[in-house]
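Hydrogens, waters and symmetry mates are skipped; everything else that's a heavy atom, side chains included, is used. Note that the structure is predicted; figures quoted are calculated from it, not measured.
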Amino acid sequence: MSSVVENMQVQSCDVGSLPPKWNMKTFELGAKYALMEKPAIEEFIREAIEYFKDAVIESLIDKIKAGIEIPVYPQFRDMNEMFLNAISGIEKIEGRYYETETLSVKDGRIPEVSTIFEREKEVYELLGEKLKLKVCITGPHTLSFLFAYRDSEIFSRLADMLLRFVEDNVLKSKYCEVHMVALDEPTFGTVDDPLVDVGSEGRENLLMAWERIFERVRGLGAETAIHLHSTSDPLFWEVKNLEIVESHVEDQIYKSKHAKERLKETGKVLRASICLTDYDILIKRSLPKELKNSQVAEKIGEIWSKIRRGQLNPESFLESVDLIRKRLKTIIEFFGGDLVPYAGPECGLRGFPTYDCAIECLRRISSAVKSIC
């Protein structure tokens, strides 16, 4: 093994989402009321709150047992909706949001994060050391696409709200600390958006929105990351308070000499994405290459049906530990160890067929990372 790779101190961290394992109606109800200080409420709601908290802790422990060193709070709820539902001054009509008055956030605490800190000692006793937690927050660009009307100032208004979520969730205690905060921006660079064209006021406002959010995160003592699905638009390089960049496995950033130069120039590092998470692509790669597109779609549908009927083990389509390890080794050898302190899946695992399949994916990622270190 290359000397560049030997004795590397790469840490594994995930992106967050998992397939539903729980009764989501009860889970959502528990999340809705979990932050009440003195819940003078019906018994079934109290039971839902406990159900929600137990589910969060059990799933977090499953991630830790899989070997993930810096786990994201378990995400079973829609990430966009969970933040927008905490914002006052907006109304949802036919699937789109409208600003009806000045935006505000009464309580920016994320119930999943609050639950982890409430029961941190339980997690500490399993780990034997302080838990390092990663918090993912939907970014202002991605949230803006859920609004019916977008203007150049919308990123600034949403940043004001997201700052409250940062303030209320970047926590530290004896047994647990928020080690990293990632803004999730899957729309940036993947959706044609005239609002952020080069030279536009909106582009400058988005840059300032990111800068303000990341500056506050760093001020609270956590590392800053941005989760992208494409790095084709270079605006993120200009964010001074952004420390970690992560994108999808086949993104150009992981093999670009220009990216290597920019990392060094800007003082940023990579979280290496080392495992594919689009399950349809995983299935497709197992099929004969000579199949036509119409045949591929049909075969994928047939395989999903067999998985749902229990006739196929969904884990058989996951990438192997060896492939994941080779991908990480290649990235480290190209960039050098100092620029790749973290590694994990390219995205969340909500689209996987089963919860157990998702946890197995995290276990393989962890095994690959540990074999490098």
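- Using a 4.5 Å cut-off between side-chain heavy atoms of Ile, Leu, Val, Met, Phe, Trp and Tyr, with links allowed through other members, Leu235 and Val239 fall into the same hydrophobic cluster.
- If you look at Tyr149 and Tyr98, their ring centroids are closer than 6.0 Å.
- Using a 3.5 Å distance cut-off with no hydrogens or angles, the side chains of Asn241 and Thr224 do not pair a donor with an acceptor.
- Taking every heavy atom of both residues into account, Val72 and Leu133 meet most closely at C-CD1, 4.3 Å.
- Contact between Cys13 and Ile70 at its shortest, heavy atoms only, is CB-O, 3.0 Å.
- A salt bridge is absent between Glu120 and Lys174: the closest approach of a Lys/Arg side-chain nitrogen to an acidic carboxylate oxygen does not fall below 4.0 angstrom.
- Without hydrogens or angle criteria, Asn169 side chain to Val113 main chain gives no donor-acceptor distance under 3.5 Å.
- Ile116 has its side chain within reach of Leu60: a pair of non-hydrogen atoms, C-beta onward, lies under 4.5 Å apart.
- Salt bridge status for Glu360 with Arg363: present, with a side-chain N to carboxylate O gap under 4.0 Å.
- Under the 4.5 Å side-chain heavy-atom criterion for grouping Ile, Leu, Val, Met, Phe, Trp and Tyr, Leu323 is not connected to Val321 through any hydrophobic cluster.
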Begin from the C-alpha positions of Arg364 and Glu319 and carry the test salt bridge (charged side-chain N to carboxylate O under 4.0 Å, His left out) through to its verdict.
CA-CA 8 Å; Arg364 295 186 187 191; Glu319 294 184 308; over 6 Å; no
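- For Glu238 and Trp210, the side-chain atoms include no donor-acceptor pair closer than 3.5 Å.
- Looking only at atom types and distance, the side chain of Ser366 has no donor-acceptor partner in the side chain of Ser12 under 3.5 Å away.
- Remark: Asp193 engages Arg150 in a salt bridge, criterion side-chain N to carboxylate O under 4.0 Å.
- A donor-acceptor pair under 3.5 Å is formed between the side chain of Thr190 and the backbone N or O of Pro186.
- A donor-acceptor contact under 3.5 angstrom links the side chains of Ser273 and Tyr254, judged on distance only.
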Between Leu158 and Ser144, does a side-chain contact (heavy atoms from CB on, under 4.5 Å) hold up when you go through it step by step?
CA-CA 8 Å; Leu158 289 173; Ser144 75; 4.0 Å; yes
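- Here the closest non-hydrogen pair linking Asn313 and Ser316 is O-OG, 2.7 Å.
- To the nearest 0.5 Å, atoms OG (Ser156) and CG (Asn205) are separated by 4.0 Å.
- By the 6.0 Å contact criterion, NZ on Lys299 is open, its count of non-hydrogen atoms from other residues, nucleotides or ligands being 12 or less.
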Check against side-chain contact (heavy atoms from CB on, under 4.5 Å), Asp184 and Ile137
CA-CA 6 Å; Asp184 194 358; Ile137 296 174; over 6 Å; no
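- Of the charged side-chain nitrogens involved, at least one lies within less than 4.0 Å of a carboxylate oxygen, so that Asp233 and Arg203 count as a salt-bridged pair.
- Annotation: the span from Gln75 atom CD to Leu349 atom CG amounts to 10.5 Å, rounded to 0.5 Å.
- Ionic pairing of Arg325 and Asp322 is present here: one or more N-O contacts between side-chain nitrogen and carboxylate oxygen are shorter than 4.0 angstrom.
- Note that the CG atom of Leu318 and the OG1 atom of Thr277 stand 11.0 Å from one another [nearest 0.5 Å].
- Tyr124 and Ile68 fall into different hydrophobic clusters, defined by Ile, Leu, Val, Met, Phe, Trp and Tyr side-chain heavy atoms under 4.5 Å apart, directly or through other members.
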With side-chain hydrogen bond (donor to acceptor under 3.5 Å, both in side chains) as the test, would you mind laying out the steps for Glu265 and Trp237 before giving the verdict?
CA-CA 10 Å; Glu265 290 169 3; Trp237 290 116; over 6 Å; no
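- The aromatic ring centres of Phe317 and Trp304 sit 6.0 Å or more apart.
- Counted by atom type alone, Tyr97 and Glu81 present one or more donor-acceptor pairs between their side chains at under 3.5 Å.
- Within the 3.5 Å criterion, the main-chain N or O of Ile283 finds a donor-acceptor partner in the side chain of Ser286.
- Both Val296 and Tyr279 are members of a single hydrophobic cluster when ILVMFWY side chains are connected at heavy-atom separations under 4.5 Å.
- Because its NZ or CZ atom is both nearer than 6.0 Å to the ring centre of Phe334 and within 45° of the ring axis, Lys260 counts as a cation-pi partner of that residue.
- Ring planes of His179 and Tyr342: perpendicular class, angle over 60° (limits at 30 and 60°).
- Salt-bridge annotation for Asp280 and Arg285: absent, with no side-chain N of the basic residue lying under 4.0 Å from a carboxylate O of the acidic one.
- In this structure, the side chain of Thr142 does not engage the main chain of Gly139 through any donor-acceptor pair within 3.5 Å.
- Comment: Glu215 does not engage Arg212 in a salt bridge, judged by the lack of any side-chain N to carboxylate O separation of less than 4.0 angstrom.
- When all heavy atoms of Gly16 and Lys63 are compared, the closest pair comes out as O-NZ, 3.2 Å.
- Between atom CD1 of residue Ile300 and atom OG of residue Ser305 there is a gap of 12.0 Å, rounded to the nearest 0.5 Å.
- Salt bridge annotation for Lys130-Glu177: present, with a cationic side-chain nitrogen under 4.0 angstrom from a carboxylate oxygen.
- The aromatic rings of His248 and His227 lie tilted to each other, with the angle between the two planes from 30° to 60°.
- Between Phe52 and Ala31, the shortest heavy-atom distance links the atoms CE1-CB, 3.5 Å.
- Between the side chain of Arg164 and the main chain of Lys106, a donor-acceptor pair closer than 3.5 Å is present.
- The shortest side-chain heavy-atom distance between Ile226 and Phe214 falls under the 4.5 Å cut-off.
- In this structure a side-chain-to-backbone donor-acceptor pair under 3.5 Å is present from Arg271 to Pro345.
- Put simply, the side chain of Asp251 gets close to the backbone of Thr231: a donor and an acceptor are under 3.5 Å apart.
- Taking a 6.0 Å sphere around NZ of Lys32, one finds it holds 12 or fewer heavy atoms contributed by other residues, nucleotides or ligands.
- Glu223 has no carboxylate O lying under 4.0 Å from a charged side-chain N of Lys134, or vice versa, which leaves the two without a salt bridge.
- The line from CG of Leu263 to NE2 of His258 is 9.5 Å long, rounded to the nearest 0.5 Å.
- Remark: the backbone N or O of Arg77 is not paired with any side-chain donor or acceptor of Glu28 at under 3.5 angstrom.
- For NZ of Lys65, the number of neighbouring non-hydrogen atoms (other residues, nucleotides, ligands) closer than 6.0 Å is 12 at most.
- Taking a 6.0 Å sphere around CD of Glu94, one finds it holds 12 or fewer heavy atoms contributed by other residues, nucleotides or ligands.
- Ion pair Glu261/Lys264 not flagged as a salt bridge, since none of the NZ, NE, NH1 or NH2 atoms sits closer than 4.0 Å to an Asp/Glu carboxylate oxygen.
- A salt bridge links Glu243 with Arg218; the closest basic N to acidic carboxylate O contact falls under 4.0 Å.
- Both Val249 and Leu362 belong to a common hydrophobic cluster when Ile, Leu, Val, Met, Phe, Trp and Tyr are linked at side-chain heavy-atom distances under 4.5 angstrom.
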Output, in order, the C-alpha distance, side-chain angles, deciding distance and verdict of side-chain hydrogen bond (donor to acceptor under 3.5 Å, both in side chains) for Tyr355 and Asp62.
CA-CA 10 Å; Tyr355 176 89; Asp62 284 344; 2.6 Å; yes
Between Phe44 and Thr26, does a side-chain contact (heavy atoms from CB on, under 4.5 Å) hold up when you go through it step by step?
CA-CA 9 Å; Phe44 78 96; Thr26 305; over 6 Å; no
Met79/Ser17 under side-chain contact (heavy atoms from CB on, under 4.5 Å): CA gap, chis, key distance, verdict
CA-CA 9 Å; Met79 190 172 170; Ser17 65; over 6 Å; no
